[in-house]
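Below you'll find the structure, written out as structure tokens, and then a few comments.
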Amino acid sequence: QVQLVESGGGSVQAGGSLRLSCVGSGDTYNRGVMAWFRQAPGKEREGVALIYSGTTSYTDSVKGRFTISQDSAKNTVYLQMNNLKPEDTAMYYCAARNRFIISLNARLYNYWGQGTQVTVSS
């Protein structure tokens with residue numbers, strides 16, 4: 001089993017920054033790929049970024065603004081979000097799966113955190 005706990009959400013004005021953290025525990029095999037997703041009210045859950053073995057991937061709308069990183073010694077994955085926009089407002093979730101599939105498709109992830117809210121005002 002894998003447990004994931006997110007933190008770091010909050011309310012900021014457009015152009016501001018936030019750093020989300022996700023602490024993982026449990027089966028390391030099933031934490032081979034770590035990802036951040038987000039879901040705004042009335043919208044589907046969207047893949048934001050993923051990381052595995054130092055390789056990263058981002059959805060187009062956050063490229064150049066968000067950075068995903070990992071501190072293996074602390075079992076923690078971060079999402080640094082800069083130049084935030086109102087359309088970034090959503091609940092942000094950390095997710096994990098094994099390395100057999102590398103994808104930002106939410107349906108392919110087995111383990112999820114409880115989420116942390118990010119609100120960006122204009």
Side-chain angles (χ1 to χ4, degrees):
Q1 286 294 328
V2 172
Q3 295 78 42
L4 303 171
V5 179
E6 304 100 330
S7 62
S11 297
V12 296
Q13 291 190 330
S17 297
L18 284 172
R19 188 177 79 158
L20 307 183
S21 299
C22 172
V23 179
S25 61
D27 184 359
T28 56
Y29 172 78
N30 284 309
R31 288 188 282 131
V33 181
M34 298 294 296
W36 287 96
F37 290 81
R38 65 186 179 186
Q39 189 167 19
K43 294 189 176 181
E44 291 189 357
R45 192 165 295 190
E46 173 192 27
V48 175
L50 65 80
I51 186 168
Y52 68 99
S53 299
T55 299
T56 60
S57 181
Y58 300 90
T59 193
D60 286 345
S61 62
V62 306
K63 287 180 180 177
R65 300 190 298 123
F66 291 12
T67 302
I68 189 170
S69 61
Q70 188 169 25
D71 185 335
S72 297
K74 296 182 178 179
N75 290 316
T76 302
V77 174
Y78 303 98
L79 186 68
Q80 178 67 45
M81 306 185 294
N82 298 328
N83 190 22
L84 282 160
K85 304 176 180 181
E87 51 264 42
D88 295 316
T89 295
M91 184 71 79
Y92 282 70
Y93 298 91
C94 178
R97 64 153 295 118
N98 62 44
R99 296 183 185 182
F100 185 68
I101 297 176
I102 309 299
S103 171
L104 277 174
N105 183 337
R107 294 183 177 88
L108 299 176
Y109 283 77
N110 310 103
Y111 302 99
W112 295 86
Q114 82 288 352
T116 185
Q117 178 68 39
V118 171
T119 302
V120 184
S121 58
S122 58

Please test Gln117 against Ser11 for side-chain contact (heavy atoms from CB on, under 4.5 Å), starting from the C-alpha separation and ending with a verdict.
CA-CA 8 Å; Gln117 178 68 39; Ser11 297; over 6 Å; no
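- Residue pairs satisfying the disulfide bond (SG atoms under 2.5 Å apart) criterion with at least one member in residues 73-118, sequence neighbours excluded, are listed as follows: Cys22-Cys94.
- Alongside Val120, the hydrophobic cluster contains Val2, Leu4, Val12, Leu18, Leu20, Met34, Trp36, Val48, Ile51, Tyr58, Val62, Phe66, Ile68, Val77, Leu79, Met81, Leu84, Tyr92, Tyr111, Val118 (criterion: ILVMFWY side chains under 4.5 Å).
- Summarising the geometry, atom OG1 belonging to Thr55 is positioned 11.0 Å from atom CD belonging to Gln70; distances are rounded to the nearest 0.5 Å.
- Residues passing the side-chain contact (heavy atoms from CB on, under 4.5 Å) test with Ala95 are Phe37, Tyr109, Trp112, sequence neighbours excluded.
- Shortest non-hydrogen contact noted between Ser121 and Pro86 is C-CG, 4.5 Å.
- Under the rule for a side-chain contact (heavy atoms from CB on, under 4.5 Å), the partners of Leu108 that lie at least two apart in sequence or sit in another chain are Arg97, Ile101, Ser103, Asn105.
- Put simply, the side chain of Arg38 never gets that close to the backbone of Arg45: no donor and acceptor are under 3.5 Å apart.
- In this structure, the separation between CE on Met91 and OG1 on Thr116 is 7.5 Å, given to the nearest 0.5 Å.
- Using modelled atom types, one finds a donor on one side chain and an acceptor on the other under 3.5 Å when comparing Gln3 with Ser25.
- For Glu87, the side-chain hydrogen bond (donor to acceptor under 3.5 Å, both in side chains) criterion is met by no residue, not counting sequence neighbours.
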Ile102 vs Val33, test: side-chain contact (heavy atoms from CB on, under 4.5 Å). Steps then yes/no.
CA-CA 7 Å; Ile102 309 299; Val33 181; 3.3 Å; yes
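- At least one side-chain heavy atom of Gln80 sits under 4.5 Å from a side-chain heavy atom of Ser17.
- Under the 3.5 Å distance criterion, the side-chain polar atoms of Glu6 are matched with a main-chain donor or acceptor of Gln114.
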Take Glu46 and Ser61 through the test side-chain contact (heavy atoms from CB on, under 4.5 Å) and record every step on the way to the result.
CA-CA 11 Å; Glu46 173 192 27; Ser61 62; 4.0 Å; yes
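- The shortest heavy-atom contact between Ala35 and Leu104 is CB-CD2, 4.2 Å.
- Contacts classified as salt bridge (charged side-chain N to carboxylate O under 4.0 Å, His left out) and involving residues 56-78 (residues at least two apart or in different chains) are given here: Asp60-Lys63, Arg65-Asp88.
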